[in-house]
Structures are given as structure tokens and as C-alpha cells.
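The structure appears below as C-alpha cells.
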2 protein chains.
Amino acid sequence: MNEVLTRERILEAAEQVFRRFGPHKTTVVDVARLLGVSHGSVYRHFDSKIALRDAVVEGWLKRTSDPLAAIATSGEAPAKRLRLWFSTLLKLKREKVKSDPELFSVSRTIFAEAREVVARHVDTLVGQLEIIIGDGIASGDFRPVDPRATAQAMFDATARFHDPAHGAEWSAPDVDAGFDRVYALVTAGIVA
Amino acid sequence: MNEVLTRERILEAAEQVFRRFGPHKTTVVDVARLLGVSHGSVYRHFDSKIALRDAVVEGWLKRTSDPLAAIATSGEAPAKRLRLWFSTLLKLKREKVKSDPELFSVSRTIFAEAREVVARHVDTLVGQLEIIIGDGIASGDFRPVDPRATAQAMFDATARFHDPAHGAEWSAPDVDAGFDRVYALVTAGIVA
DNA sequence: CAACTGACAGACTTGCAATTCTGTCAGTCG
DNA sequence: CGACTGACAGAATTGCAAGTCTGTCAGTTG
């Protein structure tokens, strides 16, 4: 209340309110109220409600990409690292559906609206895959494929198992078997 | 008007009205009116509006699976046949989004609500892929993989390019390149 | 008597008045 | 003078009254 109003404090409050009321019900006035300021003050730090929402989504997505970055740049053998990267991605995504299915289903809409932020996130993830594949080629574990194109293709090929658009299918009992089949197929194409 | 009222005539009329007013706006009374009967008569042939809608969608999906069946059982070389099958699948799906986005969007709703119709359709398609892959193994063009599991994996791996949940992404300019990358990756794993 | 109608109850949808929200900006405060 | 407020216009959303639809069934028709 009596501290300086910063971008960070607003983001923190916004996330708290998003979580409580859901992103669509949340108003700028709600966020301002939690901070004990008028909503006009929020507009000194964010150009629009959309800018604020995008910033919150960005932070939220970062919580997925950061642990994956650690895996991508670890010293683990590329084949093992690749498998761990994917299983962690699926684990993180599924935890999100389970822990808050309501927020997850709303997040699908939010993602569709915040295309740019999500595109950047996907780019980050594909970049991480590219590093693993590049390392695998260098070590001779993978065939000399184009790392960027292959990273993109692997990400797209596994979309059914990590894209929020398919979230409803993840509770089926045979999803794990389905992913294993796809993973076996796509890695069959790159292992030396 | 003066002919006997059959399931087929109702389906025909229903499809016509669906196409004209959009499936959400269409009422059972609209369908009955086009046939010159009361809506009560429609209920002699279909248990509910949902049953009628499902039957219409079933016929619609058949228009995708029938031409694909012809390709799957053609005498073409398996590798070429596989490629043709997929490019036809994508072409048909994209035509549907373009020519009738309203009807297309309802099929998305049906995915969540009445899974049975769609599940049967997907089973049919995977079965067709299985035939092509089986033929390819017999001819020595493909490695001796499990045809059913591989068919399922190929279908899942290409979901982003044919699953209605991703329909909005198909208008992007780089989708074709994206599909080519994924196709190259998954076939790299099976060609002998 | 089989094929059909149309009135009906309750579920669902629509339109729109009332309310609430966003984004601005002239004005206050320390 | 820079951080902040709050009244305001127009956009967006909500709630709910009025209207429409689904599914049924007793009654009509050829």
C-alpha cells in the first residue's frame, strides 16, 4: 500500500486477481483496488488492459520455459536429454490442467488472444530443442539433419500431447502410449 | 412434398437448411417446413435434434473418408500413395474450413459432445493408413514396423495439420512448409 | 391403423435496458 | 513538477423479460 507503485507490483497483484476471479472477470479496477490505488495509476505503467494481460501471460509461460531451458543446456547425453525435455514439457502442461482445470480452459482463450506472446514462447521452446538436436549431431548421436527444421517438426508432431487445444484429450488412459508411439516414430528418423 | 417422408429425405433437407442458416440457427421446425410437414413428423425418424445433427455430420465426414479410401486401396506405389493420401486429407479439410466455416465449427463442438461419430471416423482413417503401411512393408518399401501403431502415430503426429482444433492455424502462410517438415521427419523413420 | 398434426410444458435463446468497464485528462496534492 | 485521483464518454457486459425451440402425446385424417 505505502510502497512505490512499480510494474512488478502491478503484475504481482494482477496475477493474484486473475487467479481468484479468472482472467475474463478481472477488471483493471480490481487490480488497482488490491494495490490501494486508482485504476488511472495502473495506466501509467501499462498502455492498456491487454498489455497488462499479455505481461501476466508472459510471466506465466516463463514458468514452463525456464525449467525446460535448464534441461536443454544440461550436460546430459542428447538422446536422454531430448526424452527428458519432452516428458518434462508434458508433465508441466498436464499439471496445469489438473491443478486448475477452470483456469486452464480459460487460458486457451487467452492464448488465442495473446498470439504474439505465445508465438515468442513457442519460439523459445523450439530454440531449446534446436540446442539439444545440434548437440546430438555434434556428438554423433543424431544424423546430420537441419537442427532448426527438425526441432520445429518434432514440436509440431507432438502438438497433440502439449498444445492446450488438445487438453481435453490428455485425461484418456492411452495418451501415454500414444505419445510413446509418436516419439518412437519421430526419433527413428534422427538417431544415427 | 407429396413423396413419402424418409430418413434420407429429412437428412437431405436438414443439410440444406444447415448450410443456409448455419447449424446453430437451424431449428427442427425449419427442417420440417422445408419438407412441408410438421416438426412432430421429423421426430418419428430421429430421436432428437442431436441425433439428426450427428447423422448429418456423419454423412459429411463420409465425404472425406470415401475419396481417401479410394486412394488407400489404389495400386499406386506405397510411398507415393502415402504422400497422396495425406495431401488429399489436408486439401479436403482445408476446403471444408474455407467453403463452410460455420458447419466446420460445429464439427469442433461435436468433437467434445458426441465423440462417437468422430471416433468412428478417425478409426476409419487410421485403418486406411494401416493398409498403405502394410502394403509398403509387403513390397519392401517400408521397414517392418507395426502397421497399426505406426498408422496411429503418423495420424497423431500430423494432427496439427488436419485436426479441426487447429483449423484457425491453417491460413498461416507457412503451414505447408510445416507439414512438409513433419512429413519428412515421420517418413524418415519408416522408409527402408 | 399408420402417418401425421399441432397444442403444450419446460428448456433454451434473444434483445435490449441497465450497469460496469476501459482509457483519458484536467485537476489535486505533497 | 511528477505521482496520483476521479469524473467522464463511449464501449462492452450483464441480467432478465419476452419470445422461441425441443420433445411429447392425445387427437385427426385418408
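A note on names: the letters A, B, ... follow the listed sequences, proteins ahead of strands, and every chain is numbered from 1.
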Give every pair of a protein N or O atom and an N or O atom of nucleotides 3-7 of chain C that lie under 3.5 Å apart, one pair per line with the distance.
{"unit_1": "C:dT5", "atom_1": "OP2", "unit_2": "B:Ser38", "atom_2": "N", "d": "2.8"}
{"unit_1": "C:dT5", "atom_1": "OP2", "unit_2": "B:Ser38", "atom_2": "OG", "d": "3.1"}
{"unit_1": "C:dT5", "atom_1": "OP2", "unit_2": "B:Ser41", "atom_2": "OG", "d": "2.6"}

Could you tell me whether the side chain of B:Thr150 and the main chain of B:Pro147 form a donor-acceptor pair under 3.5 Å?
-> no

Mind listing the N/O atom pairs, protein and nucleotides 10-16 of chain D, below 3.5 Å?
none

Should the heavy atoms of other residues, nucleotides or ligands under 6.0 Å from CG of B:Asp47 be counted, would the total exceed 12?
-> no

Among the nucleotides D:dG23, D:dT22, C:dT24, which one has an atom lying closest to any side-chain atom of A:Tyr43?
-> C:dT24

So, does A:Ser107 use its side chain to make a donor-acceptor pair with the main chain of A:Ile110 at under 3.5 Å?
-> no

Between A:Ser48 and A:Arg53, does a side-chain contact (heavy atoms from CB on, under 4.5 Å) hold up when you go through it step by step?
-> CA-CA 9 Å; A:Ser48 65; A:Arg53 183 205 61 190; over 6 Å; no

Just how far, in rounded Å, is C1' of C:dT13 from CZ of B:Phe21?
-> 17 Å

Salt bridge (charged side-chain N to carboxylate O under 4.0 Å, His left out) against A:Asp135, all qualifying residues, sequence neighbours excluded | A:Arg81

Is it the case that A:Lys96 places NZ or CZ above or below the six-membered ring of A:Trp60, under 6.0 angstrom from the centre and within 45 degrees of the axis?
-> yes

Should A:Lys62 and A:Glu58 count as an ion pair when the cut-off is N to O under 4.0 Å?
-> no

Pair B:Trp170 + B:Phe179: ring centers closer than 6.0 Å | no

For atom CZ of A:Arg9 and atom C1' of D:dA3, their distance in whole Å | 14 Å

